[in-house]
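Because only heavy atoms are used, hydrogens play no part in the values below, and waters and symmetry mates are left out as well, while side chains stay in.
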Amino acid sequence: MKAIRAKLKDAEILDRFDRVVFESLVEKIIVGEQAEDGTVDPYKLTFVLKGMDERSIPDARDRYMNLHNKAV
């Protein structure tokens, strides 16, 4: 994961989505989460990468909004 993060940190932003690359890396995405107390968090994203354990991105909505605001 550290190697992937390092590559992505310095990579250029793509102008378009590359479905082939995405599908070769990601097995599935779990959208949302329900806490033990019943609270629903629809912004939680859990990416399950092919050949790896589940990894989740904390505060995915905030990260997306920050990146989106920087790009605009």
Would you call the rings of Phe22 and Phe17 parallel, tilted or perpendicular, where under 30° means parallel and over 60° means perpendicular?
tilted
Determine whether Val40 and Ile30 fall in the same hydrophobic cluster, where Ile, Leu, Val, Met, Phe, Trp and Tyr are linked whenever their side-chain heavy atoms lie under 4.5 Å apart.
no
From CA spacing to verdict: side chain to side chain contact (heavy atoms under 4.5 Å, CB included), Leu49, Val26:
CA-CA 4 Å; Leu49 303 178; Val26 178; 4.0 Å; yes
Are Leu25 and Val31 linked, directly or through intermediate hydrophobic residues, by side-chain heavy-atom contacts shorter than 4.5 Å (ILVMFWY only)?
yes
Would you find a donor on one side and an acceptor on the other, under 3.5 Å apart, between the side chain of Lys50 and the backbone of Glu23?
yes
Using a cut-off of 6.0 Å, state whether more than 12 heavy atoms not belonging to Asp15 lie near its atom CG.
no
